[in-house]
A.B. asks: 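Quick one: the structure is below, and I'll ask about it shortly.
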Amino acid sequence: MNVAMAVITITTLLSMVLAIVSFWLPQMTPDHEKLSPYECGFDPLGSARLPFSLRFFLVAILFLLFDLEIALLLPLPWGDQLTSPLLTLFWAVAVLTLLTLGLIYEWIQGGLEWAE
């Protein structure tokens, strides 16, 4: 019981100290740039109907695709314990190959070039 009480006391004290330091430490001198809202690089005080680059959305979609790839491959280490780990490896390689081919296609088409 002594060890549990010591752990609870230390974690409580550490949490309180960190909370106090987080309020005390930062500088309290915000300037105009920090107080203005950030809208993906657009001027928030201008018109809301300005045209913007479609490449921004293309890069965002590509990011989501490769983020999804990582999410799909996360359970791969547990696939070794299945009855046929070669089937799991085959599907993982198929997903990686398909996404790599998509990346190569986008690269060749110039979809990843930010400036023309």
Side-chain angles (χ1 to χ4, degrees):
M1 192 64 176
N2 260 346
V3 174
M5 195 62 177
V7 168
I8 291 172
T9 305
I10 290 172
T11 55
T12 303
L13 286 174
L14 185 62
S15 299
M16 288 175 32
V17 167
L18 289 175
I20 290 170
V21 168
S22 71
F23 284 113
W24 174 68
L25 191 60
Q27 296 178 356
M28 294 299 182
T29 56
D31 58 352
H32 177 68
E33 291 295 324
K34 285 187 178 181
L35 292 177
S36 67
Y38 179 70
E39 297 289 337
C40 300
F42 302 117
D43 183 21
L45 302 176
S47 174
R49 303 287 183 236
L50 290 175
F52 50 89
S53 175
L54 194 59
R55 292 191 184 274
F56 175 78
F57 289 106
L58 178 64
V59 171
I61 288 172
L62 285 174
F63 172 76
L64 288 174
L65 279 174
F66 286 101
D67 196 36
L68 179 65
E69 168 195 354
I70 292 171
L72 287 173
L73 294 178
L74 276 177
L76 189 60
W78 289 279
D80 293 343
Q81 300 165 1
L82 295 174
T83 55
S84 61
L86 286 177
L87 184 63
T88 305
L89 182 65
F90 168 75
W91 285 112
V93 169
V95 167
L96 283 174
T97 304
L98 181 66
L99 287 172
T100 303
L101 290 174
L103 177 65
I104 291 170
Y105 176 76
E106 284 293 327
W107 198 332
I108 290 172
Q109 293 296 320
L112 299 177
E113 297 293 326
W114 196 255
E116 292 182 17

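Values in this document were obtained by computation on a predicted structure and should not be read as measured data. Index from 1, following the sequence.
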A.B. asks: Less than 4.5 Å apart, side chain to side chain, heavy atoms only: is that true for Leu65 and Leu103?
C.D. replies: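 Sidechains of Leu103 and Leu65: no contact.
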A.B. asks: May I ask you to list the residues sharing a hydrophobic cluster with Leu14, side-chain cutoff 4.5 Å, ordered by chain and number?
C.D. replies: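 Traced through the cluster, Leu14 reaches Leu18.
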A.B. asks: Counting C-beta onward and ignoring hydrogens, is there a side-chain heavy-atom pair between Ile70 and Phe66 closer than 4.5 Å?
C.D. replies: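 Side-chain contact under 4.5 Å: no.
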A.B. asks: Among all residues two or more places apart in sequence or in another chain, which pass the side chain to side chain contact (heavy atoms under 4.5 Å, CB included) test with Val93?
C.D. replies: Leu89, Thr97
A.B. asks: Using the test side chain to side chain contact (heavy atoms under 4.5 Å, CB included), find all partners of Thr9 that sit at least two apart in sequence or belong to another chain.
C.D. replies: Met5, Leu13
A.B. asks: Answer with yes or no whether the hydrophobic clustering places Leu62 together with Val95; edges join I, L, V, M, F, W, Y residues whose side-chain heavy atoms lie under 4.5 Å apart.
C.D. replies: yes
A.B. asks: If you measure from CG on Leu99 to CD1 on Ile104, what distance do you get to the nearest 0.5 Å?
C.D. replies: 11.0 Å
A.B. asks: With sequence neighbours excluded, what pairs up with Leu68 under the side chain to side chain contact (heavy atoms under 4.5 Å, CB included) test?
C.D. replies: Leu72
A.B. asks: What residues form a side chain to side chain contact (heavy atoms under 4.5 Å, CB included) with Thr12, not counting sequence neighbours?
C.D. replies: Ile8, Met16
A.B. asks: Please go through Leu98's hydrophobic cluster and name the other residues, only I, L, V, M, F, W, Y counting, with side-chain heavy atoms under 4.5 Å joining them.
C.D. replies: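 Members alongside Leu98: none; it stands by itself.
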